[in-house]
Amino acid sequence: MGIDGQLFRAVVGSFPTGVTIVTAMASDGLPRGLTSNAVCAVSLEPPLLLFCLDKRSNNLPAILETKAFVVNFLAAERGDLATRFASPTGDRFAGTHSVPSAVAKGAPILVDDIIAHAECLLEQAIEAGDHYVLIGHIEVGSSNGGTPLMYLRRMYAAWPDAKPAPRDEDIHG
Ligand SMILES: Cc1cc2nc3c(=O)[nH]c(=O)nc-3n(C[C@H](O)[C@H](O)[C@H](O)COP(=O)(O)O)c2cc1C
């Protein structure tokens, strides 16, 4: 028993997220990468994050073999890359500029397209239904304060100009 796939997508798709491209370096010397929004902080000490990866993913062997990956947090104007890295056809890395992560075994850091990144070593791979929950220990990271790409109900958007939430005394006098 449980909700059907359509309702599942509608429910979880109602939760706005950022958008990342998770990359790894495969044993054939070619980079791999896919669009992922199922990314979440796990632990501060030690610094851990997770992302969820379909068991059928072409990225899975590279991540499991190297035990390493990079999470590239996309900038607002890079919806095109998010679409490309979710597509089954085409050269995903065409025209991108990247730097190989030394600690993450050569996984590409998409330096021109991101507002932050995390270079991770794989700590745990937990089977969960048709996905793996991959937990990474963040060895190196960066954050440049730029505007992130967001995702909600199959739509991309730039994070809007944020306004501070009102204080309690402003509402109640
Ligand atoms: C916004 C967005 C978020 C996605 N998030 C995930 C995700 O978290 N995990 C996942 O396995 N697939 C996710 N996908 C789907 C993959 O990007 C897509 O299936 C891709 O083709 C997989 O490539 P691969 O088989 O080369 O790994 C997402 C797609 C989009 C458009």
Side-chain angles (χ1 to χ4, degrees), residues 3-42 48-96 98 100-101 104-110 113-120 122-138 141 146-160:
I3 62 174
D4 64 23
Q6 194 180 355
L7 182 56
F8 175 85
R9 287 191 178 88
V11 170
V12 299
S14 299
F15 185 56
T17 66
V19 184
T20 76
I21 292 175
V22 179
T23 57
M25 181 54 76
S27 53
D28 61 6
L30 295 174
R32 299 286 193 275
L34 83 155
T35 302
S36 170
N37 71 334
V39 175
C40 184
V42 173
L48 302 175
L49 61 64
L50 68 75
F51 88 101
C52 300
L53 185 61
D54 195 308
K55 285 180 175 174
R56 298 164 301 176
S57 166
N58 293 312
N59 279 263
L60 186 61
I63 294 172
L64 294 182
E65 279 168 25
T66 60
K67 297 193 177 347
F69 58 89
V70 168
V71 182
N72 294 276
F73 295 83
L74 286 179
E77 62 275 14
R78 298 329 308 261
D80 58 334
L81 273 191
T83 298
R84 195 200 298 172
F85 275 78
S87 165
T89 56
D91 177 1
R92 292 180 178 177
F93 288 92
T96 60
S98 65
S101 162
K105 314 288 167 55
I109 306 164
L110 300 168
D113 307 307
I114 57 178
I115 55 141
H117 87 285
E119 298 169 54
C120 301
L122 183 65
E123 183 107 349
Q124 276 186 74
I126 302 164
E127 280 196 65
D130 54 13
H131 279 56
Y132 280 98
V133 179
L134 300 176
I135 298 180
H137 185 278
I138 306 174
T147 304
L149 182 66
M150 305 290 295
Y151 184 73
L152 175 72
R153 300 191 186 106
R154 307 186 79 173
M155 304 281 285
Y156 296 124
W159 174 254

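Order of appearance sets the numbers: ligands from 1, and atoms from 1 within every ligand.
In summary, the atoms of ligand 1 found under 4.0 Å from a heavy atom of F85, numbered by their order in the structure, are 17 (O), 20 (C). Close contacts between ligand 1 and A38 involve ligand atoms 8 (O) [criterion: under 4.0 Å to a heavy atom]. Close approach to N59 involves these atoms of ligand 1, each under 4.0 Å from a residue heavy atom: 24 (P), 26 (O), 27 (O). Taking a cut-off of under 4.0 Å to the non-hydrogen atoms of R92, the atoms of ligand 1 that pass are 20 (C), 21 (O), 23 (O), 24 (P), 26 (O). Every atom of ligand 1 is numbered from 1 in the order shown, and the set under 4.0 Å from a heavy atom of Y151 is 1 (C). Atom numbering of ligand 1 starts at 1 in the shown order; those under 4.0 Å from a heavy atom of C52 are 7 (C), 8 (O), 9 (N), 10 (C), 11 (O). In the vicinity of L53, heavy-atom distances shorter than 4.0 Å reach the ligand 1 atoms 11 (O).
In terms of modelled atom types and a separation under 3.5 Å, the side chain of T66 and the main chain of A62 share a donor-acceptor contact. S87 places no side-chain N or O within 3.5 Å of a backbone atom of T83 that could act as its donor or acceptor partner. Side-chain N or O atoms of R32 include none that pairs as donor or acceptor with a backbone N or O of I63 at under 3.5 Å. At distances below 3.5 Å, at least one donor-acceptor pair connects side-chain atoms of T20 with backbone N or O atoms of S36.
A side-chain contact (heavy atoms from CB on, under 4.5 Å) with N72 holds for exactly one of I115, D113, I109; it is I109. Each of L34, T23, T35 was scored for a side-chain contact (heavy atoms from CB on, under 4.5 Å) with R92, with one residue passing: L34.
For atom 11 (O) of ligand 1, the closest heavy atom belonging to the protein is D54 N, 2.9 Å. Closest to atom 3 (C) of ligand 1, if we only count protein heavy atoms, is N37 OD1, 3.4 Å. Looking at atom 12 (N) of ligand 1, its nearest protein heavy atom turns out to be L34 CD1, 3.8 Å. Among all non-hydrogen protein atoms, the one lying nearest atom 19 (O) of ligand 1 is A86 O, 4.4 Å.
In plain terms, the two heavy atoms of H131 and D54 that are nearest each other are CD2-N, 3.2 Å. Across every non-hydrogen atom of M25 and P31, the tightest pair is SD-N, 3.8 Å. Summarising the geometry of P108 relative to F93, their closest heavy-atom pair is CG-CE2, 3.8 Å, with the distance given to 0.1 Å.
For ligand 1, the polar-atom distance check finds no N/O of A82 at less than 3.5 Å from any of the ligand's N/O atoms.
If you look at Y132 next to ligand 1, there are no close heavy atoms at all, none under 4.0 Å.
Comparing S57, A62, S36 by heavy-atom distance to atom 7 (C) of ligand 1, the nearest is S36. Comparing N58, T89, T35, I63 against atom 14 (N) of ligand 1, the shortest heavy-atom distance belongs to T35.
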Checklist entry - Are D130 and K55 close enough, and set up right, to give a salt bridge (charged side-chain N to carboxylate O under 4.0 Å, His left out), and what steps lead you there? => result CA-CA 6 Å; D130 54 13; K55 285 180 175 174; over 6 Å; no
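Not a single heavy atom of R154 sits under 4.0 Å from any atom of ligand 1.
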